[in-house]
Amino acid sequence: MASLFRDRSSSVGDSKRETHHNGSSTTAARSIHAVDLPSPFGDLGRPISDAELRETAYEVFVGACRTSGGKPLTYVPQSSASPTSPALQRSMTSAAASKMKKALGLKSSSSSMKRSPGSKESPPSKARRPATVGELMRVQMGVSEQTDGRIRRGLLRIAAGQLGRRIDSMVLPLELLQQFKPSDFTDQHEYEAWQARNLKVLEAGLLLHPHLPLEKSDSSAQRLRQMIHGAFDRPLETGKNSESMQVLRTTVMSLAYRSFDGTPSETAHWADGCPLNLRLYQMLLEACFESNEEGSIIEEIDEVMELIKKTWVIFGMNQTLHNLCFTWILFHRFVSTGQTDIDLLSAADNQLVEVAKDAKATKDQVYSKVLSPTLSSILGWAEKRLLAYHETFDSSNIELMEIIVSLGVSAAKILVEDISHEYRRKRREVVDVARTRIDTYIRSSLRTAFAQRMEKADSSRRSSRNQTNPTHVLSILAKDISDLATKEKQLFSPILQRWHPLAAGVAVATLHACYGSELKQFISGVTELTPDSVQVLKAADKLEKDLVLIAVEDSVDSEDGGKSLIREMPPYEAEAAVANLAKIWIKTRVDRLKEWVDRNLQQEAWNPNANKENIAPSCVEVLRVIDETLDAFFQLPIPMHPALLPDLAIGIDRSLQSYISKAKSGCGTRNTFIPALPALTRCTTGSKFQWKKKEKLQNTQKRRSQVGTLNGEGSFGLPQLCIRMNTLHHIRTELENLEKKIVTSLRNVESAQADISSGPETKFELSQAASQEGIQQLCEATAYRLIFHDLGNVLWENLYVGEASVSRIDPFLKELDPNLEMISNTLHGRVRNRVITAIMKASFDGFLLVILCGGPARAFTRLDSQIIEDDFKSLKDLFLADGDGLPEELVEKAATQIKNVIPLFRTDTESLVERYRRLIMEAYGPSTKSKFPMPATSGHWSPTDPNTILRVLCYRNDEDATKFLKKAYNLPKKI
C-alpha cells in the first residue's frame with residue numbers, strides 16, 4: 001500500500017491524461033536536453049510528480065476562473081453552450097495580434113513559424129483548435145474530459161454546500177477529498193492515487209513549505225503528519241460524516257488559516273508557500289506553449305495568461321514572481337525542446353528586462369531566494385557556451401549567439417548589482433559587470449581556440465617529418481592564429497562590441513599572449529641562431545604586426561587611444577636569442593658586483609685619514625666597477641641596448657642599495673640614545689642635594705646599559721660616523737653622474753637613435769631613496785649620540801645637579817664646541833649644516849629633559865629661572881657663532897619650545913597650581929576636583945600641557961609645591 005501511495009498516483013494520472021506532445025520520443029528528447037537544468041525553484045521534499053502537480057494546478061485554475069468576479073461556483077459541462085462561466089467559455093479569435101507576443105518580440109504563428117538556425121521552416125500545425133479558452137487549457141495541460149468533468153462536479157458540490165464562498169478562502173484539496181468516494185473513479189487504484197495526490201499536496205503546502213513558519217511543537221502539524229503517514233497503510237475514509245474526515249478538516253483548517261498576528265486569516269494558505277506555489281504555477285505557464293509545435297507559444301497567450309493570473313491570490317503570486325517564473329519557463333522551454341526556436345530565447349531575454357527592473361525595486365526575501373538560483377542556472381547554461389563560443393557558434397547560428405550573450409550579461413548584472421552584498425559595498429562606477437563578463441568570455445574562448453589550433457599545427461608538423469625542411473610548428477601556428485584573429489574581428493567582435501567596445505582588441509591581445517607564451521618557451525631553448533629560429537621569428541613578427549593592427553583599429557576611438565591594449569601586448573623581441581645571451585652577460589656582471597660590494601665592505605674601517613675626500617675607499621672601488629660595467633655594456637654588439645638597459649640598471653641600483661644599507665647598519669637611531677625618564681618625585685623645602693660618587697656611577701652604568709654597547713672607539717665613533725655620511729653623500733652625487741653617462745651612451749649607440757627620445761629614463765630610485773634616508777638617519781644618530789652618550793655625563797649627570805647656580809651649562813658648552821669643530825672639518829659642506837642642525841635640536845632636547853625630567857638630583861627656585869634663561873641663551877649663541885654658524889631664524893625656530901617653557905620657572909607656585917587645576921579639569925572633566933588623575937607624558941612640552949606644569953612643580957624647591965604634590969599624588973621625596 002505504501003508503494004501504491006508513492007508511485008501509482010503518477011502512473012494513473014498519466015494514463016488518463018490526453019497526449020499533447022508530438023509523441024513520446026519528443027518528450028524524451030526534451031528531457032535529455034534539460035537534464036543539466038534542474039529546477040531553480042527548489043525541491044519539494046516529497047516525491048510529487050509533474051503529472052500530479054499539473055492536475056492540482058488545473059483544479060486551482062478551474063476553481064479560480066469559475067469564481068472570478070464574485071460569481072458562485074457552478075458546474076457547466078464542456079459541451080454546454082451556457083454562458084454562465086464567461087472566463088472559461090470565452091470563444092477564441094486570432095483576429096487581433098497578441099499584445100503579449102508583441103511585447104516579448106514574438107511574431108504570430110501565421111507569419112512566423114518555428115525557426116531553427118540553418119534549417120528550413122516547418123509547416124504550420126493543421127490540428128483542430130479548441131473552441132474555448134477553458135477547453136484549450138484542458139488540452140494543453142493534458143487533462144482528460146473525464147477528469148475535467150469530475151473536477152467540475154466537485155466544484156459544483158462544494159458550491160452547493162458553501163454558497164457564495166470564494167475559492168481563495170478554502171483549502172481546495174480538503175474540499176475535494178470530502179466530495180468524492182471510490183465509486184466516482186474507474187477503479188480503486190485510481191481513487192487511491194487521487195487521494196494520495198491530494199494528501200501529498202496538503203503535506204507539501206501545510207507542513208513542508210507552509211506560508212508561515214511552523215513551530216516544532218505545533219500539535220496540529222504533528223496530527224496531520226500522522227494522518228498522512230497513516231494513509232500509507234490504509235486510505236482515509238473521506239465521507240462527509242466520517243470521523244477521520246472531521247479530524248482531517250479540523251487539523252487542516254487550523255494550519256491553513258494561521259496569520260502573523262494570531263487572528264484567523266480570511267484567506268486559506270495551503271498553496272502559497274515557496275516552492276510549492278512556484279512548481280504549481282509552472283505547470284500553468286507551461287500550458288502556454290503549442291502542444292504540436294514544441295517551443296511555439298500559443299496564439300491565445302493573452303486570454304490564457306489573463307485567466308492564469310486569477311490563480312495569484314491562491315498561489316501567493318505577484319507580478320514580480322510571475323515575471324521571474326515566466327522568464328525561466330521561456331528559457332527552459334527553449335533548452336528542453338532542442339534549442340531550435342531562438343524566438344523563445346529572445347522572448348526570455350526580453351522578459352529578463354522586466355526581471356531586472358523588479359530586482360532593483362523589490363526587497364522581498366522570498367523573491368531574492370528564488371531570483372538568485374534562477375539567474376545562476378540561466379547564467380551557468382549561457383556561460384558553458386560563451387566561455388568557448390568558437391566551438392558553439394559560426395556564421396550559421398551567429399544570431400543565436402547574440403541572444404545568449406544578452407541573456408547571460410543581463411543575468412550576471414542582476415546577480416552582481418542587485419543581489420551581491422559585496423558589490424554594494426564597493427563604488428559602483430568602478431565595476432562594469434557587462435564589460436567584465438564579455439572580457440572573460442573572449443579571453444576564455446580564444447585560449448581554448450588557440451589550444452585547438454596548437455594541437456592542429458603540431459599534428460601537421462608530425463605529418464611532414466619526412467620532408468627535407470619541415471616547417472616549425474610555431475610557424476604553422478602563426479598563420480592559423482592570424483586567420484583566427486581575422487574571423488574573430490569579422491564574425492564575433494561586431495556582436496560583442498555591444499557590451500565591450502574593445503572586443504576585437506581584447507581578442508587579439510589574448511591571442512598575442514598565448515602565442516607569446518609558446519614563443520618564449522621556444523626561445524628559452526635557443527643557444528644560437530638556426531634556420532628554424534629565423535623562420536619562427538619571421539612568422540612571429542608578421543603575426544604580431546597583424547594582431548597589433550587589429551588592436552589599434554579597434555581602439556582608435558577609445559579613451560586612451562588603445563594604450564591599455566598595447567600594454568597588454570609586449571613585443572615578442574624578434575632577436576630574442578641574442579637578447580637572451582646579453583641578459584646572461586648582465587646577470588653575470590650584476591652578481592659579480594654584489595660580491596664586490598660584500599668583499600669591500602668587510603674590509604672597510606671607515607678611517608678618516610684614508611683619503612683627502614674623507615670618503616670610504618670601498619665606495620670609490622664599487623663606483624669604479626659600476627663605471628667599467630656600463631662602458632662594457634654599451635660596447636656589446638647587440639641592437640637592443642634600450643630594452644636591456646633596465647635589467648642592468650636595476651642590478652646596479654640594488655647593489656648600491658645593499659651597500660648603503662650595510663654602511664648605516666649598527667649605527668643606531670635617534671631613539672637609541674635618549675635615556676629613560678626617571679619617576680616623578682617631590683622636593684623637600686630647603687634641601688641641599690649632594691651627588692654621591694657611588695650613586696653617580698650606578699646611574700651612569702644604568703644609562704649606558706639602556707643605550708647599548710656603543711662607545712667612542714672602533715668603527716662607530718663620531719669621526720667614523722662622519723665618514724659614513726660623507727660616503728652616502730658621495731654616492732648620491734655619483735648617481736646623478738651615472739644617469740647622465742647612460743643618456744650620453746644611449747645617444748652614441750646607433751640602434752638607439754629611434755628610441756632614445758621616447759625611451760624611459762633610467763633612474764637609480766632605490767639607491768637615491770636609500771642614501772637620502774641613510775644620511776637622515778646618520779645625522780640624527782650622530783647628534784643624539786654626541787649629546788646623550790658622548791657628553792651625557794656632562795649634561796645629564798652634572799647640569800643643575802644640586803644648586804643651579806654652581807652647576808651651570810659652561811662645562812657642557814666647553815665639551816660640545818670642539819666636537820662641533822671636528823664635525824665641521826670632517827664633513828662635506830652639503831651635509832655639515834644638516835648634522836650641526838640635528839646636534840642643535842638634540843642639545844635643546846637634552847636641555848629640556850634636564851629641567852623637566854632631571855630626577856631627584858635637581859630642584860629650582862623662582863630665582864633660578866634667570867640662570868636657566870641665561871644658560872639657554874649661551875647654548876643658542878654657540879650655534880649662532882657670532883653670525884658664522886647656523887641661520888638665526890633656524891635657531892630661533894628650534895628654540896620655540898624651550899622659550900615657551902622657561903617662563904613657567906619664574907611663575908609663582910600658587911599660579912602654577914591654579915593653572916594646573918584648570919588644565920586638568922578641562923582635560924578630564926569636573927570629576928577631578930576631588931582626585932587628580934596623573935596626566936600622561938606626551939613629550940610635547942608646553943605651558944598648556946598639564947604634565948609639563950606638573951614637572952615644574954615637582955622640581956620647584958618650595959613648601960607650597962611640596963604640600964600640593966603630597967596631597968594630590970602622594971609623590972615620594974626620592975626614588
Side-chain angles (χ1 to χ4, degrees), residues 117-118 382-398 400-401 404-405 438-496 503-526 530-551 553-554 565 568-574 576-577:
E383 290 197 333
K384 282 184 180 179
R385 286 131 187 93
L386 297 176
L387 289 171
Y389 59 77
H390 286 85
E391 297 179 358
T392 312
F393 307 103
D394 53 33
S395 57
S396 66
N397 63 352
I398 195 67
L400 175 62
M401 176 185 174
I404 292 179
V405 173
I438 297 301
D439 192 281
T440 300
Y441 302 154
I442 294 173
R443 295 182 190 277
S444 172
S445 189
L446 265 300
R447 290 187 188 109
T448 301
F450 178 86
Q452 293 172 345
R453 300 303 193 284
M454 181 74 180
E455 185 177 349
K456 177 183 175 183
D458 193 38
S459 175
S460 175
R461 164 79 175 185
R462 287 195 298 268
S463 65
S464 61
R465 281 178 178 174
N466 296 329
Q467 298 178 7
T468 306
N469 295 308
T471 306
H472 192 277
V473 64
L474 287 185
S475 299
I476 301 172
L477 184 62
K479 176 65 170 62
D480 290 346
I481 297 308
S482 182
D483 294 341
L484 177 62
T486 301
K487 178 183 178 182
E488 178 76 21
K489 177 186 175 183
Q490 295 174 350
L491 187 63
F492 298 119
S493 295
I495 290 177
L496 299 175
V506 171
V508 296
T510 303
L511 291 174
H512 185 277
C514 290
Y515 188 86
S517 177
E518 297 296 329
L519 184 65
K520 182 179 179 180
Q521 186 176 353
F522 164 77
I523 291 173
S524 66
V526 174
T530 63
D532 252 4
S533 63
V534 172
Q535 183 188 60
V536 169
L537 291 171
K538 283 184 177 180
D541 184 60
K542 182 181 184 306
L543 171 63
E544 183 168 46
K545 288 177 181 177
D546 293 342
L547 298 180
V548 170
L549 179 61
I550 293 175
E553 291 175 347
D554 190 51
L565 279 176
E568 274 195 64
M569 305 170 70
Y572 286 155
E573 298 177 1

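None of the values given here were measured: they were computed from a predicted structure. The first residue in the sequence is number 1, and the count goes up from there.
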Are any of the side-chain heavy atoms of Phe450 and Asp480 separated by less than 4.5 Å? no
Any non-hydrogen side-chain atom of Leu484 less than 4.5 Å from a side-chain atom of Leu446? yes
Going from [atom1] on [X] to [atom2] on [Y], what distance comes out if it is rounded to the nearest 0.5 angstrom?
{"X": "Arg453", "Y": "Cys514", "atom1": "CZ", "atom2": "SG", "result": "12.0 Å"}
{"X": "Thr392", "Y": "Leu400", "atom1": "OG1", "atom2": "CG", "result": "9.5 Å"}
{"X": "Asp483", "Y": "Leu543", "atom1": "CG", "atom2": "CG", "result": "10.0 Å"}
{"X": "Glu518", "Y": "Leu474", "atom1": "CD", "atom2": "CG", "result": "6.5 Å"}
{"X": "Lys456", "Y": "Leu477", "atom1": "NZ", "atom2": "CG", "result": "10.5 Å"}
{"X": "His512", "Y": "Leu565", "atom1": "NE2", "atom2": "CG", "result": "11.5 Å"}

So, are Asp439 and Arg443 salt-bridged, with charged N and O less than 4.0 Å apart? yes
Given 3.5 Å as the limit, does a donor-acceptor pair link the side chain of [X] with the main chain of [Y], or not?
{"X": "Thr510", "Y": "Val506", "value": "yes"}
{"X": "Ser482", "Y": "Lys479", "value": "no"}
{"X": "Ser475", "Y": "Ala539", "value": "no"}

For the student: nearest non-hydrogen atoms of [X] and [Y], plus distance:
{"X": "Leu386", "Y": "Ser445", "result": "O-CB, 4.1 Å"}
{"X": "Met569", "Y": "Ala551", "result": "SD-CB, 3.9 Å"}
{"X": "Leu491", "Y": "Ser395", "result": "CD2-N, 3.8 Å"}
{"X": "Leu387", "Y": "Thr448", "result": "O-OG1, 4.3 Å"}
{"X": "Ile404", "Y": "Arg385", "result": "CD1-CD, 4.5 Å"}
{"X": "Asp554", "Y": "Gly505", "result": "OD2-N, 2.8 Å"}

Ring pair (Phe, Tyr, Trp, His ring centres under 6.0 Å) filter on Tyr515, not counting sequence neighbours, yields Tyr572
Take a 6.0 Å sphere around CD of Glu553 and say whether it holds more than 12 heavy atoms from other residues, nucleotides or ligands. yes
